[in-house]
S.K.: 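Pasting a structure below so you can have a look.
Every chain is numbered from 1 and lettered A, B, ... according to where its sequence line falls, protein lines coming before strand lines.
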Amino acid sequence: MNEMEYKFTDIEAKWQKIWDEKKSFKAEKDNRPKYYLLEMFPYPSGKLHMGHVRNYSIGDLAARFYRMNGYNVLHPIGWDSFGLPAENAAIKNNIPPFEWTRDNIAHMKIQCKQMGWSYDWDREIATYTKEYYKWNQWFFIKMLEKGLAYKKESFVNWCPDCNTVLANEQVEDGKCWRCKSDVDQKKLEQWFFKITDKAEDLLQGHETLKDGWPERVITMQKNWIGRSTGLMANFKLESGEDFPIFTTRPDTIFGVTFMVIAPEHPLLEKINNPELKAFVEKLKKESVIDRTNEEKEKEGMDTGLKVINPFNGDKIPLFVGNFVLMEYGTGAIMAVPTHDKRDFKFAKKFKIPMKVVIDNAESPIKIETMNEAYVEEGILVNSGDFSGMKNKEAMAEIIKFAEKKNIGKEVVNFRLRDWGISRQRYWGCPIPVIYCEDCGTVTVPEKDLPVELPVKVDFQGSTISPLTKMESFYKAKCPKCGKDARRETDTMDTFVDSSWYYARYSSPNADNVMVDKEAAKYWTPVDQYIGGIEHACMHLLYARFFNMVMFDMGLVPTKEPFTKLLTQGMVCKDGAKMSKSIGNTVDPNEMCLKFGADTVRLFILFAAPPEKDLDWSEKGVEGCFRFVNRIWRFVTAHKDLYSADYNYNNLTLNSSLKKVRCELHKTIKFVTHDVRDRMQYNTAIARMMELINTLYACSEDDYRSEAGKTVISEVFNSLLKILNPFVPHITEELWQHLGNKELLVNSNWPEYSEELTHDDEVEVVFQLNGKIRSKAMVSADISKEDLEKKALSDEKILEMTEGKEIVKIILVPKKLVNIVVKG
RNA sequence: GCGAGUGUGGCGGAAUUGGUAGACGCGCUAGAUUUAGGAUCUAGUGUAUAACGCGUGGGGGUUCGAGUCCCUUCACUCGCACCA
C-alpha cells in the first residue's frame, strides 16, 4: 500500500476520535471574548438530510473560524424532539414515540460526529426530556401569572371519522389525508400566549436587528405583525345596539353600502332563520386558508338585519360572509364596493347598490361603466363636509371628526394574532393545569413539576392522543382543595420548546433554574444564528417574544436573542427542493462513504453562497474531491521541504516564488474577508483553489532552492490553517505529517501582510467612449499623468482617435482610462 | 389572494464602491503520460455573418461608462399561523 494515498475514511475517523477524547470543542467561561454560534437545532427525523448538512457545515465553518481567531466559541447542538412525525411513526410501526425519538437521536448523533462538526457535546439538550420540558411548564405558569397566557375558544380542523384534530398540512383539499372524509371546523377551549402584547416591542426591536439580520426577514416580520392605524367606527344596529367595526380606510366611510360579519359572529346566534343557520354552518367548515383566498368564490347571505352608518345616517343591509374572520378586528367589516376589490365582487354577485366616494380628477368614475373597484388615490365626493379633500388627507380628518363627535376613535390594529399553543396531541410537553369542578382551572404547583409525559403508550392504530384514554395520567387531585379533578391532556405546540433553547445552552444542566442568569450573562445573546428562511415569521418571532419576557424576568441580559442572522437557502436537485415525496434526495451518508466528509462539506459550501438555493450535482462533488486530492498530493510531495521555524533573512525570491508568496497573502486576505465580513464561502474556496493552481504552476527547481523551502514552509503553515474550517480532517492529518505536535484546531488564524498582497504591475484598459479598445501592463504606482500619457500614446488608441476631438478623459487608477471623443 | 425572493455561457456560480462580464468548479475539445481504460498533468473553451459586431429574462431611461441605479414588463420559486 502506498502511504502517500489519501485514505479519507481512516483519517476522518482518527481525528474525530481525537477531538472527542480531547474535548477540543468544549466551551468554558474564561477571559476571552465569547462568540456564540448557533444553528437551528434539528428535528430527529431519523437520519441527516442534505439540508442539515448544509446548515451545520455553514455553522461549523464559522465556529472553527472564530475559534482560531481568539474567541471563546460556544457551538452547541440539541434535538427538537417533540412533534407529529413521532406519532405518525408510532401509529404506523407500533413503536412508542419515545423509543423512536431516542433511537433517531442516537443515530443522528453518530452522523453529526462523522461529519466532523465541532460541537460541545457536553451541552447537548433534547426537548423531550423531562429535565428540559419541566421549564416549559414552569415558564407557562409564569406567563399565566403575568397575564400573558389565557384560555379562549378557538377553531381547529376536525376529522369526524378519525375523531381527531388535524394539522393544516394533514388537510388536503378540505379532506382528511388519512380517511379522505370532509374536514370540519370545531370549536375548542385552547391556551394562548399573548404575543400581541409585545407587538410594538417586536416592531421596535427590528431597529436593533437591522445591522445583523437580512432585510427581507425584517420586512417579512413587519408585514406579519401588520401594524395599521385605523378607525374604530361606532355603527349601530337598527335596534340601537352598538356595532363597532375596524377599518383602515376611514376615507371611504361615506361609501359604505353593506356590512359583512364572520360566520362565527355571536350576533348570528340570535337570528332565528333556519336557512341562514344552515348556511352559516356550511361556511364554518371551510378552512381559513380557503376563506381568505381571493380566487375562491365569495359566499354570503343577507341576515335581514340593518345597520346605521353614524356618518351619514344611511341604513344598510348586514350580510354574513366567508371571507370575514372573527380573529381580525371585531369580526365584522364595512363594505365599500366602489373602492375595495373584494367588496366589489361581493356587491356584483348580490346586486347591492354602490356609491362612488373617491373620484379620479382626470377621468371621473361612473358606476354604470365600472368593472372593477377604484383603489387608486383621488378626491373625496359624496362625503359631506369632506368632499373635495384628497383621500390621504381625509383619513386623518375623518378620524379626528369621529373622535370629536364620539362616533369612533383611532385604533392601532395588528394582523398578528395571539399564539395558540394547545395541541390535542400526545407527543409534546403537557400543559401544567388541572381542572377542578369547584376551583376551576388550577395550575400545578411548582414543586410538583414536571408533569411527566408517560412514555409507555399504545396508540392502538388510532390517531387520538393516548393521554385522553389514560386514567393514570388524567386523573388528578385538585392542588387547591384536594378533590378528584381532571388533568389537562392537551400538550404544547413544539414552537414553545424551540423558543428558549438557545438560552438553555448557556446552562444546559441547571436543575433548579430555567436559565442560569450568570451563565446567560456571559454567553447570550447568540452572536450568529443560522437557519432556514421558512422560519422568518413564526419561530423567529416566537423566540424573540419569549426572550423579551425572559429579559423582563431578568433571566437573560438582552431584549433580543439573536444579534446576527443568516438564512440559508434550500438544497435542490433537478430543479426542485430535495424531498422524500419528490424522491430526489441524496443520502449524506453514502456521499461520505464515497468521498469523505471533508469533500461533502467542501462541495456544499462551494456550490452556492449560503443564502441562495443550492443545486446538488455529483459531478460537482467529484470536482471538490479532486481539489482535496490536489492538496493532499502537493503537501505530501513537498513535506520534506517544510520547516516550522522558517525565516526570510538574507533571502531573495525570484519572480515565480515572489508570485507564490504574493498569491498566498492575497488568499489569506480574501478568505479572511469572505468568511468574516461577507459570509461568502463559495468565493473563499475559489480563492484557495486558485492558490493551489498557482502552487502547481511553479517549478520544482524553484521549490527545492533555499528560498523555495522557506516559501513552501510559509505556504503550508498558512494554507492548512485557512483550509482547516472547511476541510478539518485532511488538514489536521497533513499538519501532523509535517511534524507539528499541536492540533491545528488549537492554532491561530494566519495574518497577512498588506504590502505583500500588492502586485508590481497591473493591467489597465484603455477605453474610447466606454468601449475597451486596448490594454497595457503598467507599474502599480504609475502617476496619473504618466498613465494618461501612456493611454494617449497607445498605438491602437492613436489610430482610432485620429481626426477626432477629445472631449474628456476619465482615469480610474489601476483600472482604466476612458477617452471620450466627438466626431 | 397577501407577503418575500430569484432571473448572468451547455451547467453551478463570480464580478466587494457604477469601472476589463463570465473568477472558481463542472462539462466539452486537443495534447502529454499509459498496453488499454481510469487517474494525473498541460493548453483551449460566451457568441459570431469575424466587426470599431452582439451579449447578464424582455422593453425603455440616467451616465464618459450599467449585470449593478431608475421606470416598465415577463417568467419562476418560497412562506402564510396545528409540519418542523
S.K.: Can you tell me if NZ on A:K784 sees more than 12 non-hydrogen neighbours from other groups inside 6.0 Å?
M.R.: no
S.K.: How does protein reach along nucleotides 43-53 of chain B, written 5' to 3' as B (base within reach of a heavy atom under 4.0 Å), S (only sugar-phosphate), or - (no contact)?
M.R.: ---------BS
S.K.: What nucleotide among B:C41, B:G19, B:C82 has an atom nearest to a side-chain atom of A:N818?
M.R.: B:G19
S.K.: Check the pair A:N223, A:R415 against side chain to side chain donor-acceptor pair (under 3.5 Å), reporting the backbone distance first and the verdict last.
M.R.: CA-CA 8 Å; A:N223 290 329; A:R415 205 186 73 98; over 6 Å; no
S.K.: Is a donor-acceptor contact shorter than 3.5 angstrom present between the side chain of A:E87 and the base of B:C83?
M.R.: no
S.K.: Given the P atoms of B:G37 and B:G31, what is the spacing between them in whole Å?
M.R.: 12 Å
S.K.: Starting at CD1 of A:I604 and ending at P of B:C24, how long is that distance when rounded to a whole Å?
M.R.: 23 Å
S.K.: The side chain of A:N157 lies closest to which of these nucleotides: B:C82, B:U40, B:G13?
M.R.: B:C82
S.K.: B:U42 P sits how many Å from A:N693 CG, rounded?
M.R.: 8 Å
S.K.: Hey, does A:I810 reach any base, or is it just sugar-phosphate, or nothing, if we go heavy atoms under 4.0 Å?
M.R.: base
S.K.: How should the glycosidic conformation of B:G58 be described, syn or anti, under the criterion that syn lies within 90° of 0?
M.R.: anti
S.K.: How is A:Q190 classified with respect to the nucleic acid when contacts are heavy atoms under 4.0 Å: base, sugar-phosphate, or nothing?
M.R.: base
S.K.: Determine the contact category for A:L84: base if any of its heavy atoms lies under 4.0 Å from a base atom, sugar-phosphate if only primed atoms, P, OP1 or OP2 are that close, otherwise nothing.
M.R.: sugar-phosphate
S.K.: Which part of the nucleic acid does A:Y43 contact within heavy-atom distance under 4.0 Å: base, sugar-phosphate only, or nothing?
M.R.: sugar-phosphate
S.K.: Please determine if A:R773 forms a cation-pi arrangement with A:F766, meaning its NZ or CZ atom is less than 6.0 Å from the six-membered ring centre and no more than 45° off the ring axis.
M.R.: no
S.K.: Heavy atoms under 4.0 Å, any strand shown: does A:R423 hit a base, just sugar-phosphate, or nothing?
M.R.: base
S.K.: Once you apply a heavy-atom cut-off of 4.0 Å, does A:H673 come out as touching a base, just sugar-phosphate, or nothing?
M.R.: base
S.K.: Return whichever of A:V765 or A:K577 has its heavy-atom-nearest nucleotide of RNA chain B closer to the 5' end.
M.R.: A:V765
S.K.: Could you check whether A:R425 gets within reach of a base, just the sugar-phosphate, or nothing at all, counting any heavy atom under 4.0 Å?
M.R.: base
S.K.: Among A:E618, A:M50, A:H49, find the residue that satisfies the side chain to side chain contact (heavy atoms under 4.5 Å, CB included) test when tested with A:V586.
M.R.: A:M50
S.K.: Given the ring of A:F192, does A:K152 sit roughly above its face, with NZ or CZ under 6.0 Å from the centre of the six-membered ring and within 45° of the axis?
M.R.: yes
S.K.: Return the nearest nucleotide to the side chain of A:R626; candidates are B:C82, B:G19, B:C26.
M.R.: B:C26
S.K.: Knowing that exactly one of A:Y501, A:W224, A:W500, A:F495 qualifies, which makes a ring pair (Phe, Tyr, Trp, His ring centres under 6.0 Å) with A:Y542?
M.R.: A:F495
S.K.: Apply the test side chain to side chain donor-acceptor pair (under 3.5 Å) to residues A:W616 and A:N584: give CA-CA distance (whole Å), side-chain angles for both, the deciding distance (0.1 Å), then the verdict.
M.R.: CA-CA 10 Å; A:W616 183 267; A:N584 60 345; over 6 Å; no
S.K.: Base of B:U20, side chain of A:E763 - is there a donor-acceptor contact under 3.5 Å?
M.R.: yes
S.K.: Given 3.5 Å as the limit, does a donor-acceptor pair link the side chain of A:D80 with the main chain of A:P42, or not?
M.R.: no
S.K.: Would you mind classifying the nucleic acid contact of A:P609 as base, sugar-phosphate or nothing, using non-hydrogen atoms under 4.0 angstrom?
M.R.: sugar-phosphate
S.K.: Give a yes or no on whether a donor-acceptor pair under 3.5 Å exists between the nucleobase atoms of B:C82, that is its base, and the side chain of A:Q424.
M.R.: yes
S.K.: Of the nucleotides B:G19, B:A81, B:A15, which has the atom closest to the A:R678 side chain?
M.R.: B:A15
S.K.: What is the nucleic acid contact for A:S617, judged by heavy atoms within less than 4.0 Å: base, sugar-phosphate only, or nothing?
M.R.: nothing
S.K.: Checking all strands, does A:F670 fall into the base, sugar-phosphate, or nothing category for heavy-atom contacts under 4.0 angstrom?
M.R.: base
S.K.: Tell whether A:R687 reaches the base of B:C24 with its side chain through a donor-acceptor pair below 3.5 angstrom.
M.R.: no
S.K.: Could you check how far CD of A:E534 sits from P of B:A84, rounded to whole Å?
M.R.: 13 Å
S.K.: Between B:C69 and B:C76, how far apart are the C1' atoms? Round to whole Å, please.
M.R.: 25 Å
S.K.: Of all the choices, B:A81, B:G12, B:C26, which nucleotide is nearest to the side chain of A:A607 once you look at every atom?
M.R.: B:G12
S.K.: Which part of the nucleic acid, if any, lies within contact of A:K775, taking any heavy atom under 4.0 Å across all strands shown: a base, the sugar-phosphate backbone alone, or nothing?
M.R.: base
S.K.: If you check the A:K612 side chain, which of B:C80, B:G12, B:G7 turns out closest?
M.R.: B:G7
S.K.: Can A:R633 be said to sit on top of A:Y6's aromatic six-ring, NZ or CZ under 6.0 Å from centre and within 45° of the ring axis?
M.R.: no
S.K.: May I ask you to say what A:S498 touches in the nucleic acid, namely base, sugar-phosphate or nothing, with a heavy-atom cut-off under 4.0 Å?
M.R.: nothing
S.K.: Select base, sugar-phosphate, or nothing to describe what A:D613 touches, counting heavy atoms under 4.0 Å on all strands.
M.R.: sugar-phosphate
